[in-house]
Colleague: 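What follows is a single structure, and I will ask about it in a moment.
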Amino acid sequence: MKTIELEPNQVHRGTLLLVNSEHPFYDSQMNGLVNADARTPDILIRRDAANILQLILQHILAKGQIIPVSGYRSAAEQTEIFKDSLRDNGEEFTRKYVAQPNHSEHQTGLAIDLGLNKGKIDFICPHFPYEGICERFRQTAPKHGFIERYAKEKESITGIGHEPWHFRYVGYPHSEIMVENQLAMEEYMEFIKKYTPEHPLVHEQKNGRKTRVYYVPQDKEKTVVAIPETTAYQVSGNNMDGYIVTLWGEQQ
């Protein structure tokens with residue numbers, strides 16, 4: 001086994017950060033932002049999310065039919081959007097569809113709003129129906145690491161109104177586990193805490209390959225995580241109280 005040591009601030013870094021009204025986004029180090037799509041150079045997301053987004057669009061032959069509408073936003077941009085929506089749409093609409101500054105997933109660089117490329121596109125609520133190419137994207141996304149973040153039946157849990165257009169990159173297999181178990185991201189954060197290094201969640205793909213996932217609580221000074229030698233892994237903070245470890249491949 002080998003060990004990795006995690007400083008306390010690393011709990012606020014990774015692809016599995018829970019950002020909502022109760023858990024603000026802390027990490028302002030937004031390196032690695034790239035164009036979500038070559039046709040929309042002003043819309044940026046993290047490179048890992050952008051690569052997967054393009055893979056999905058190519059896989060379902062959606063080039064030109066689905067376009068990014070909004071990606072990464074700075075705290076200043078989110079503040080302006082929130083103020084503008086209050087002025088133009090009123091408080092009830094704004095609090096349902098627009099997160100307050102530092103509580104928006106868009107500040108992580110891992111969220112993307114998508115719209116059907118047909119006619120005028122609404123910046124706040126782009127049209128992304130449950131049919132045609134949009135539904136093909138929605139069904140394919142979890143197989144590659146994206147989830148539809150704000151489902152209608154989860155509004156009381158997420159605190160955000162139903163947003164068929166808002167997708168969040170969480171990475172695979174987490175996306176597929178969430179969908180298979182019908183879990184909002186808030187629910188997944190609690191669900192995964194049941195699994196430990198000794199008793200991990202084992203997710204088996206259709207090709208038989210297995211991925212192991214477990215939770216490690218954060219230590220106040222330094223968190224030590226043991227990883228099997230030669231095993232590919234990823235560690236992400238949950239933005240709250242610990243880390244989610246993902247191991248790829250069989251272990252002895």
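Along the sequence shown, residues carry numbers from 1. Note that the structure is a prediction, hence the values are computed from the model and not measured.
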Colleague: Testing H12, H23, R13 for side chain to side chain donor-acceptor pair (under 3.5 Å) with N239, which one passes?
Modeller: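 Passing option: H12.
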Colleague: For residues Y172 and H203, establish whether the separation of their ring centroids is below 6.0 Å.
Modeller: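 When the ring centroids of Y172 and H203 are compared, they turn out to be within the sub-6.0 Å range.
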Colleague: So, R168 and D113, do they make that salt bridge, N to O below 4.0 Å?
Modeller: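 So R168 does not pair with D113 through a salt bridge.
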Colleague: So, are E91 and R95 salt-bridged, with charged N and O less than 4.0 Å apart?
Modeller: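 Between R95 and E91 there is a salt bridge, with a charged N closer than 4.0 Å to a carboxylate O.
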Colleague: Counting C-beta onward and ignoring hydrogens, is there a side-chain heavy-atom pair between I66 and N117 closer than 4.5 Å?
Modeller: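 Side-chain contact under 4.5 Å: no.
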Colleague: Is the CD atom of E221 crowded by more than 12 outside heavy atoms at less than 6.0 Å?
Modeller: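 Counting neighbours around CD of E221, 12 or fewer heavy atoms of other residues, nucleotides or ligands fall under 6.0 Å, so no.
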Colleague: Does atom CD of E229 have more than 12 heavy-atom neighbours, drawn from other residues, nucleotides or ligands, at distances under 6.0 Å?
Modeller: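 Enclosed: over 12 neighbouring heavy atoms sit under 6.0 Å from CD of E229.
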Colleague: Looking at D219 and K222, is any side-chain nitrogen of the basic one under 4.0 Å from a carboxylate oxygen of the acidic one?
Modeller: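 No, no charged N to carboxylate O under 4.0 Å.
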Colleague: Ignoring hydrogens, what is the shortest heavy-atom contact between Y243 and P8? Give both atom names and the distance.
Modeller: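 Where Y243 meets P8 most closely, the heavy atoms are OH-O, 4.0 Å.
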Colleague: Looking at R212 and E204, is there a salt bridge between them, counting it only when a charged N and a carboxylate O are closer than 4.0 Å?
Modeller: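 Answer for the salt bridge query: no.
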Colleague: To the closest 0.5 Å, what do you measure between NZ (K152) and OG1 (T158)?
Modeller: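 Result: 13.5 Å between the selected atoms.
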Colleague: Give the intermediate values and the outcome of ring pair (Phe, Tyr, Trp, His ring centres under 6.0 Å) for residues Y195 and Y215.
Modeller: CA-CA 6 Å; Y195 298 96; Y215 168 79; over 10 Å; no
Colleague: Would E135 and Q139 count as a side-chain hydrogen bond (donor to acceptor under 3.5 Å, both in side chains) if you check the C-alpha gap in whole Å, the side-chain angles of each, and the deciding distance to 0.1 Å?
Modeller: CA-CA 6 Å; E135 183 61 11; Q139 294 298 320; 2.7 Å; yes
Colleague: Give the intermediate values and the outcome of side-chain hydrogen bond (donor to acceptor under 3.5 Å, both in side chains) for residues H174 and T246.
Modeller: CA-CA 9 Å; H174 308 284; T246 310; 2.8 Å; yes
Colleague: Using every non-hydrogen atom in the two residues, find where A38 and P41 come nearest and quote the distance to one decimal.
Modeller: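 Looks like O-CD, 3.9 Å.
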Colleague: Taking all non-hydrogen atoms of both residues into account, name the closest pair between P173 and V213 and its distance.
Modeller: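 Taking P173 first and V213 second, the nearest heavy atoms are CG-CG2, 4.2 Å.
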Colleague: Under the side-chain contact (heavy atoms from CB on, under 4.5 Å) rule, what do L33 and R46 come out as? Steps first, then yes or no, please.
Modeller: CA-CA 4 Å; L33 292 172; R46 275 181 37 168; 4.2 Å; yes
Colleague: Which heavy atom of F128 sits nearest a heavy atom of L116, and at what distance?
Modeller: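 It is CD1-N, 4.1 Å.
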Colleague: Check step by step if side-chain hydrogen bond (donor to acceptor under 3.5 Å, both in side chains) holds for H162 and E153.
Modeller: CA-CA 8 Å; H162 180 211; E153 64 273 13; over 6 Å; no
Colleague: Taking the side chain as every heavy atom from C-beta outward, state whether I177 and F191 have any atom pair closer than 4.5 Å.
Modeller: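 Answer yes - side chains close enough.
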Colleague: Side-chain contact test, heavy atoms from C-beta onward, threshold under 4.5 Å: evaluate it for I124 versus V98 and give yes or no.
Modeller: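 SC-SC contact between I124 and V98 confirmed.
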Colleague: If I take atom CD from residue Q107 and atom OG from residue S74, how far apart are they, to the nearest 0.5 angstrom?
Modeller: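 Answer rounded to 0.5 Å: 7.0 Å.
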Colleague: Kindly indicate, with the supporting measurements, whether the criterion side-chain contact (heavy atoms from CB on, under 4.5 Å) is fulfilled by V170 and I147.
Modeller: CA-CA 7 Å; V170 295; I147 59 168; 4.2 Å; yes
Colleague: Does a sphere of radius 6.0 Å around NZ in K83 hold more than 12 heavy atoms from other residues, nucleotides or ligands, not counting ones at 6.0 Å or beyond?
Modeller: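 No, the 6.0 Å shell around NZ holds no more than 12 heavy atoms from other groups.
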Colleague: For E186 and R149, run salt bridge (Lys or Arg N to Asp or Glu O under 4.0 Å): C-alpha distance rounded to whole Å, both residues' side-chain angles, the deciding distance at 0.1 Å, then the answer.
Modeller: CA-CA 10 Å; E186 285 79 1; R149 178 68 172 92; 2.8 Å; yes
Colleague: So, taking the atom named CD1 in I192 and the one named CD in E190, what distance separates them when rounded to the nearest 0.5 Å?
Modeller: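 Going from the CD1 atom of I192 to the CD atom of E190 covers 11.0 Å.
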Colleague: Can you list everything that forms a side-chain contact (heavy atoms from CB on, under 4.5 Å) with T40? Sequence neighbours excluded, please.
Modeller: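 T40: side-chain contact (heavy atoms from CB on, under 4.5 Å) contacts with D37, D42, I43, P68.
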Colleague: According to a hydrophobic-cluster definition based on side-chain heavy atoms being under 4.5 Å apart (Ile, Leu, Val, Met, Phe, Trp, Tyr only), do F146 and Y188 belong together?
Modeller: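 F146 and Y188: separate clusters.
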Colleague: Do the side chains of I81 and V19 join up, straight or via other hydrophobic residues, at under 4.5 Å, putting them in one cluster?
Modeller: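 Each belongs to a different hydrophobic cluster.
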Colleague: Do E163 and Y97 have side chains that get closer than 4.5 Å, going by heavy atoms?
Modeller: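 E163 reaches Y97 side chain to side chain.
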Colleague: Let's go through S70 and H106 carefully: what are the C-alpha distance in whole Å and the side-chain angles of both, what is the deciding distance for side-chain contact (heavy atoms from CB on, under 4.5 Å) to 0.1 Å, and is it a yes or a no?
Modeller: CA-CA 8 Å; S70 182; H106 284 283; 4.0 Å; yes
Colleague: In terms of the angle between their ring planes, are F137 and F167 parallel, tilted or perpendicular, with boundaries placed at 30° and 60°?
Modeller: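 Aromatic pair F137/F167 classed perpendicular.
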Colleague: Kindly work out whether a path of hydrophobic side-chain contacts (I/L/V/M/F/W/Y, heavy atoms less than 4.5 Å apart) joins I60 to L114.
Modeller: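 I60 and L114: one cluster.
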Colleague: Would you say the side chain of P129 lies within less than 4.5 Å of the side chain of W165, judging by non-hydrogen atoms?
Modeller: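 They are not in side-chain contact.
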Colleague: Would you call R138-E148 a salt bridge at under 4.0 Å N-O?
Modeller: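 Answer for the salt bridge query: yes.
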Colleague: Distance check, rounded to the nearest 0.5 Å: N35 atom CG versus L44 atom CG?
Modeller: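 So the gap between those two atoms works out to 6.0 Å.
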Colleague: For the atom pair CD1 (I67) and NZ (K118), what is the distance rounded to the nearest 0.5 Å?
Modeller: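 Rounded to the nearest 0.5 Å, the CD1-NZ separation comes to 13.5 Å.
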Colleague: State whether K143 and E176 are salt-bridged, where the test is any N-O pair (Lys NZ or Arg NE/NH1/NH2 against Asp/Glu carboxylate O) under 4.0 Å.
Modeller: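 Here K143 does not pair with E176 in a salt bridge, since their nearest N and O are not under 4.0 Å apart.
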Colleague: Going by heavy atoms in the side chains, are K2 and Y233 under 4.5 Å from each other?
Modeller: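 Yes; the side chains approach each other to less than 4.5 Å.
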Colleague: Just checking, is any N or O donor in the side chain of N102 or Q78 under 3.5 Å from an acceptor N or O on the other one?
Modeller: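 On atom types as modelled, these side chains do not qualify, holding no pair under 3.5 Å.
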Colleague: Decide side-chain contact (heavy atoms from CB on, under 4.5 Å) for L247 and I227; before the verdict, give the C-alpha distance in whole Å, the side-chain angles of both, and the deciding distance to 0.1 Å.
Modeller: CA-CA 8 Å; L247 305 177; I227 302 293; 4.0 Å; yes
Colleague: For R47, I'd like to know if atom CZ has over 12 heavy atoms of other residues, nucleotides or ligands within 6.0 Å.
Modeller: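 No, the 6.0 Å shell around CZ holds no more than 12 heavy atoms from other groups.
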Colleague: Testing the basics here: between P126 and G115, what is the closest heavy-atom pair and its distance to 0.1 Å?
Modeller: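 Scanning both residues completely, I find the closest heavy atoms to be CB-CA, 4.0 Å.
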Colleague: Just how far is it from atom CG of L183 to atom CE of M189, taken to the nearest 0.5 Å?
Modeller: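 That separation rounds to 10.0 Å.
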Colleague: Counting C-beta onward and ignoring hydrogens, is there a side-chain heavy-atom pair between E22 and M240 closer than 4.5 Å?
Modeller: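 Result no, sub-4.5 Å side-chain heavy-atom pair not found.
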Colleague: According to a 4.5 Å side-chain heavy-atom criterion applied to Ile, Leu, Val, Met, Phe, Trp and Tyr, with indirect links allowed, do V202 and I244 form part of one hydrophobic cluster?
Modeller: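 In one cluster with V202: I244, no.
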Colleague: Quick one, K193 and D241 - any side-chain contact, counting heavy atoms below 4.5 Å?
Modeller: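 Side-chain contact under 4.5 Å: yes.
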Colleague: Restricting to non-hydrogen atoms, name the atom on A99 and the atom on F82 that form the minimum distance, rounded to 0.1 Å.
Modeller: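 Smallest heavy-atom distance, with atoms named: O-CD1, 3.6 Å.
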Colleague: Under 4.0 Å between a side-chain nitrogen and a carboxylate oxygen: does that hold for E187 and K154?
Modeller: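 Salt bridge flag = yes for K154 with E187.
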